[in-house]
Amino acid sequence: MSPSQPPATPPEASTDEPSGPSPKDRFVTVYGRKPVLEALSDPALEVDKVVLAEGADPRAVRPLLEAARTRGIPVRRASAQRVKVLAGNGRQDQGVIADVVAPGMRTVERFVASLGPDDPARVLVLDGLTNPANVGMILRSATAAGLDGVLLPRRGAPSIDPLVVKASAGVAFHAPVLRSGTAAAGLAALAEAGFVLLGLDGAGRSSLFAVELPPRVAIVVGGETDGLTDDVRGELHDTVVVPMAAGVESLNAACAATLACFELARR
């Protein structure tokens, strides 16, 4: 069955120019002494800056300061409370964050603006996922499958933090992440650019492996417990299902997303 055709701020330390992209859409913010030191020690990663809490233990942060100085990376000071706010995790920031440049990250608007009139594109959209490990594994799978983008909304999904980075085995730094305020808003922008929007759903009308896929398509993966949200359902053109045997009702969200990623690649 063919789907119907579409109808005719991770926190960071500095502000950005009003007309430019938000810092949230350019950096992955890493927190904690060990993750920050690992980022500073990886020559493949471009670190924009380090933000250190005032009053931090000099002995504990000395390796960080030395690594930043060796690479010529600026270190800024801020209050401990400010660092907690920037990290978005008040219990594990250990008084230090680093903004790592994410070369594959951009807003969904910039992504669609970069497409030519006849360019095909394949996008995976995350809707309501809450488990950082699932998000990290999905970013790894989507990148490995060569997808053009993974829409990770700023609200309703985990930020790309050390837990997501670890689950992705570091791929999250380079993944083709697309940002929008919400999943529904991102889907609306994709639909306007000619994307057909398909949601993975246990009651889907067509098999993921048999449905006709147009040149521009986005497949939406819902949350681990509640599946697709109502706002996102209202944006979809159709739903598809992964056929199950032996009475199995569903798959883990990361497993289902991986199947979708490589089915898009296979097509």
Side-chain angles (χ1 to χ4, degrees), residues 9-16 21-107 126 129-143 150 152-155 157-179 254:
T9 315
E12 181 290 45
S14 64
T15 58
D16 198 42
S22 165
K24 299 177 183 179
D25 302 326
R26 295 188 288 124
F27 301 129
V28 171
T29 298
V30 177
Y31 55 78
R33 290 193 291 269
K34 183 178 179 181
V36 169
L37 184 58
E38 289 176 347
L40 290 170
S41 302
D42 186 346
L45 297 180
E46 180 184 350
V47 180
D48 182 74
K49 62 183 167 296
V50 174
V51 182
L52 192 63
E54 296 168 348
D57 183 349
R59 291 172 298 178
V61 301
R62 184 177 297 117
L64 301 174
L65 295 174
E66 291 176 351
R69 183 166 50 249
T70 297
R71 293 188 58 184
I73 296 167
V75 177
R76 300 179 183 176
R77 298 281 180 167
S79 68
Q81 180 59 35
R82 179 61 176 161
V83 171
K84 291 182 186 299
V85 170
L86 296 174
N89 190 318
R91 292 177 296 177
Q92 299 181 19
D93 63 82
Q94 297 181 310
V96 61
I97 66 170
D99 283 334
V100 180
V101 176
M105 186 182 293
R106 51 185 164 167
T107 65
L126 307 190
L129 275 79
T130 59
N131 188 326
N134 281 337
V135 173
M137 288 186 284
I138 290 170
L139 290 177
R140 183 174 179 83
S141 294
T143 305
V150 181
L152 182 64
R154 301 184 202 97
R155 296 190 295 279
S159 60
I160 302 180
D161 63 10
L163 296 176
V164 171
V165 171
K166 182 178 180 180
S168 76
V171 171
F173 288 123
H174 308 284
V177 175
L178 308 180
R179 305 313 302 266

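Along the sequence shown, residues carry numbers from 1.
Scanning both residues, His174 and Ala44, for their nearest heavy atoms gives CE1-O, 4.1 Å. In this structure, Pro103 and Phe173 approach most closely via the heavy-atom pair CD-O, 3.6 Å. Smallest separation of non-hydrogen atoms from Ala80 and Ala53: CA-CB, 3.9 Å. For the pair Val164 and Ala172, the tightest heavy-atom approach, listed with the atom from each and the gap, is CG1-CB, 4.4 Å.
The distance from the NZ atom of Lys84 to the CD1 atom of Ile97 is 12.0 Å, given to the nearest 0.5 Å. Distance check, rounded to the nearest 0.5 Å: CG of Asp99 to CG of Leu86 gives 8.0 Å. The OG1 atom of Thr107 sits 10.5 Å away from the CZ atom of Arg179 when rounded to the nearest 0.5 Å. Note that the CG atom of Asp48 and the OG1 atom of Thr29 stand 10.0 Å from one another [nearest 0.5 Å]. Note that the CD1 atom of Ile73 and the NZ atom of Lys49 stand 11.5 Å from one another [nearest 0.5 Å].
At least one side-chain heavy atom of Arg82 sits less than 4.5 Å from a side-chain heavy atom of Val85. Looking at Val100 and Phe27, their side chains never come closer than 4.5 Å, going by heavy atoms from C-beta outward. Contact of the Val177 side chain with the Leu139 side chain is registered, since non-hydrogen atoms from C-beta on lie closer than 4.5 Å. Taking 4.5 Å as the limit, some side-chain heavy atom of Ile160 sits within range of a side-chain heavy atom of Met105.
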List the atom pairs, donor and acceptor, that lie under 3.5 Å between side-chain atoms in residues 61-71 and the rest of the protein, sequence neighbours left out.
residue	atom	partner	partner atom	Å
Thr70	OG1	Glu66	O	2.9
Arg71	NH1	Ala39	O	3.4
Arg71	NH1	Leu40	O	3.0
Arg71	NH1	Asp42	O	3.3
Arg71	NH1	Leu45	O	3.4
Arg71	NH2	Leu45	O	2.6

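Residue Glu46 places its CD atom among 12 or fewer non-hydrogen atoms of other residues, nucleotides or ligands, all under 6.0 Å distant.
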Subject >> Derivation of the side-chain contact (heavy atoms from CB on, under 4.5 Å) call for Val50 and Arg76 >> reply: CA-CA 6 Å; Val50 174; Arg76 300 179 183 176; over 6 Å; no
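Taking the side chain to side chain contact (heavy atoms under 4.5 Å, CB included) definition, one finds that Val171 meets it with Arg140, Thr143, Ser168, sequence neighbours left out.
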